[in-house]
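One structure is given here, and the rest of the page talks about it.
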Amino acid sequence: MDVIRTIYKELFNIRLVHKAFASANGSEIFNQLTVTPDEETKVLFDRLEIGYRCVDDSIVCFVRSELVSPPAKEPKTSFVTFDADVKVRFLLSASPSFLSKTYAVATGSSEVYYFTNTINNIQSANLYLTKVIESYNAVKSYDEGTIVNSGGEPFVTLKPVNAADSISIGNTDFWKKILPAEQVVNNADLADANVVKPNRTCFAVIDVFRTGTTNATYDLFNGSENLMSPVYVLPFKSKL
């Protein structure tokens, strides 16, 4: 009797780092963040035989695969061919508890945090989906919870900062220095919701593209169409 085995392999992982929700029993971040594919991605998942799970601190996206050179178990390639324009989109919704413990802006209908594998921010071998922390600009206004860089050190707004008020970043009523200096979700990751166009109001959008990356380490496939299974990192700055 023939035995048919269906093989799955990680298409990519996204590790969400947040110290406030880490515990000895694993991360509790998915009690605070809801992750769902948008409608187009749900259709894509059915067509390409892709699935996902939120496990511990990671969004694990996996795809039906096949061996390239059996019986060798690696490398693997996707069982169904991916078109060049394939994009996986996840929408993140945040609980009030998450926002209360995180240095982040309460986004919504006008703006969202936007993370994508088309950036190039590799630090200490980590493939960050966050952009490098944006430099402070005295002529810009900032919402409460915004993180910026000034002189190599990160600062966060304690309340909205209006550029017209000429508030110095040294004003401790409005700004707080946060340590250590590290890669975290920051003002550079905010985007106009009308540009990103999520199909519903959400806290953040994650787009993972088949092509269009600026660093091959972020790619889903190599030049031989073998699955690369990259692990992306999405770090949040805890208030605790």
Side-chain angles (χ1 to χ4, degrees), residues 14-21 29 32-33 91-198 201-207 212-215 218 232-240:
I14 303 173
R15 192 162 65 88
L16 281 65
V17 179
H18 198 310
K19 293 179 181 178
F21 302 112
I29 195 165
Q32 310 298 331
L33 283 177
L91 307 180
L92 276 61
S93 298
S95 70
S97 177
F98 178 88
L99 294 174
S100 70
K101 297 176 182 177
T102 309
Y103 286 121
V105 173
T107 59
S109 58
S110 62
E111 60 182 359
V112 295
Y113 281 105
Y114 182 59
F115 311 111
T116 172
N117 68 329
T118 59
I119 69 165
N120 182 14
N121 184 18
I122 301 177
Q123 305 287 338
S124 302
N126 289 315
L127 277 65
Y128 289 106
L129 293 183
T130 51
K131 295 180 179 178
V132 174
I133 297 180
E134 182 179 277
S135 295
Y136 168 70
N137 188 336
V139 299
K140 287 185 65 173
S141 297
Y142 295 100
D143 293 327
E144 180 180 348
T146 297
I147 294 177
V148 297
N149 171 67
S150 179
E153 295 180 315
F155 286 77
V156 64
T157 51
L158 303 176
K159 59 183 73 174
V161 175
N162 191 329
D165 295 332
S166 300
I167 297 170
S168 166
I169 199 167
N171 188 326
T172 56
D173 288 333
F174 288 84
W175 291 97
K176 176 183 178 181
K177 184 186 296 184
I178 51 176
L179 295 173
E182 55 189 340
Q183 297 296 312
V184 289
V185 173
N186 68 95
N187 195 65
D189 298 309
L190 286 170
D192 188 329
N194 291 324
V195 175
V196 178
K197 297 181 179 178
T201 300
C202 59
F203 168 70
V205 173
I206 302 174
D207 280 346
T213 59
T214 57
N215 187 316
Y218 283 83
Y232 306 126
V233 181
L234 183 53
F236 293 92
K237 183 63 177 178
S238 172
K239 290 182 178 179
L240 305 183

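Reckoned from all heavy atoms, side chains included, excluding hydrogens, waters and symmetry mates.
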Keeping [X] on the side-chain end and [Y] on the backbone end, is there a donor-acceptor pair under 3.5 Å?
{"X": "Thr157", "Y": "Gly145", "result": "yes"}
{"X": "Ser168", "Y": "Gly170", "result": "yes"}
{"X": "Thr116", "Y": "Asp207", "result": "yes"}
{"X": "Lys239", "Y": "Ala20", "result": "no"}
{"X": "Thr213", "Y": "Thr118", "result": "no"}

Starting at [atom1] of [X], measure out to [atom2] of [Y] and round the result to the nearest 0.5 Å.
{"X": "Leu92", "Y": "Ile29", "atom1": "CG", "atom2": "CD1", "value": "8.5 Å"}
{"X": "Asp192", "Y": "Lys197", "atom1": "CG", "atom2": "NZ", "value": "10.5 Å"}
{"X": "Ser124", "Y": "Glu182", "atom1": "OG", "atom2": "CD", "value": "11.5 Å"}
{"X": "Gln32", "Y": "His18", "atom1": "CD", "atom2": "NE2", "value": "8.5 Å"}
{"X": "Lys237", "Y": "Ile133", "atom1": "NZ", "atom2": "CD1", "value": "9.0 Å"}
{"X": "Ile206", "Y": "Tyr114", "atom1": "CD1", "atom2": "OH", "value": "10.5 Å"}

Closest non-hydrogen atom pair between [X] and [Y], with its separation:
{"X": "Ile14", "Y": "Leu16", "result": "O-CD1, 3.5 Å"}
{"X": "Val139", "Y": "Asn137", "result": "CG2-OD1, 2.9 Å"}
{"X": "Ala163", "Y": "Ser141", "result": "N-OG, 3.0 Å"}
{"X": "Val148", "Y": "Trp175", "result": "CG2-CZ3, 3.6 Å"}
{"X": "Ile178", "Y": "Tyr103", "result": "CG2-CE1, 3.9 Å"}
{"X": "Pro180", "Y": "Pro154", "result": "O-CG, 4.2 Å"}

Given Asn215, which partner from the list Asn117, Asn121, Asn120 fulfils the side chain to side chain donor-acceptor pair (under 3.5 Å) test?
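Answer to the side chain to side chain donor-acceptor pair (under 3.5 Å) test with Asn215 among Asn117, Asn121, Asn120: Asn120.
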Between [Y] and [X], is there a side-chain donor-acceptor contact under 3.5 Å, judged purely by atom types and distance?
{"X": "Asn162", "Y": "Tyr142", "answer": "no"}
{"X": "Glu134", "Y": "Asn187", "answer": "yes"}
{"X": "Ser97", "Y": "Ser95", "answer": "no"}

Scan Val156, Asp189, Val105, Val185 and name whichever one has a side chain to side chain contact (heavy atoms under 4.5 Å, CB included) with Ile147.
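In the set Val156, Asp189, Val105, Val185, the residue that makes a side chain to side chain contact (heavy atoms under 4.5 Å, CB included) with Ile147 is Val156.
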Hey, which of Leu99, Thr201, Leu190 is the one that makes side chain to side chain contact (heavy atoms under 4.5 Å, CB included) with Thr107?
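So, applying the side chain to side chain contact (heavy atoms under 4.5 Å, CB included) to Thr107 and each of Leu99, Thr201, Leu190, only Leu190 qualifies.
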Would you say [X] and [Y] make side-chain contact, with heavy atoms under 4.5 Å?
{"X": "Val233", "Y": "Leu129", "answer": "no"}
{"X": "Thr130", "Y": "Tyr113", "answer": "no"}
{"X": "Val17", "Y": "Arg15", "answer": "yes"}

Whether over 12 other heavy atoms sit under 6.0 Å from Lys131 NZ:
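No - once you tally the heavy atoms of other residues, nucleotides and ligands closer than 6.0 Å, there are 12 at most.
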For Phe98 and Phe21, take the angle between the two ring planes, folded into 0 to 90°, and tell me which bin it lands in: parallel under 30, tilted 30 to 60, perpendicular over 60.
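Geometry flag for Phe21 against Phe98: parallel rings.
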Ring centres under 6.0 angstrom apart (Tyr128, Tyr232):
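No; Tyr232 has its ring centre 6.0 Å or more from that of Tyr128.
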Would you sort out whether Glu153 and Lys177 count as a salt bridge (Lys or Arg N to Asp or Glu O under 4.0 Å), showing the intermediate values?
CA-CA 7 Å; Glu153 295 180 315; Lys177 184 186 296 184; 3.1 Å; yes
Give the intermediate values and the outcome of ring-ring contact (aromatic ring centres under 6.0 Å, His included) for residues Tyr136 and Phe155.
CA-CA 9 Å; Tyr136 168 70; Phe155 286 77; 8.1 Å; no
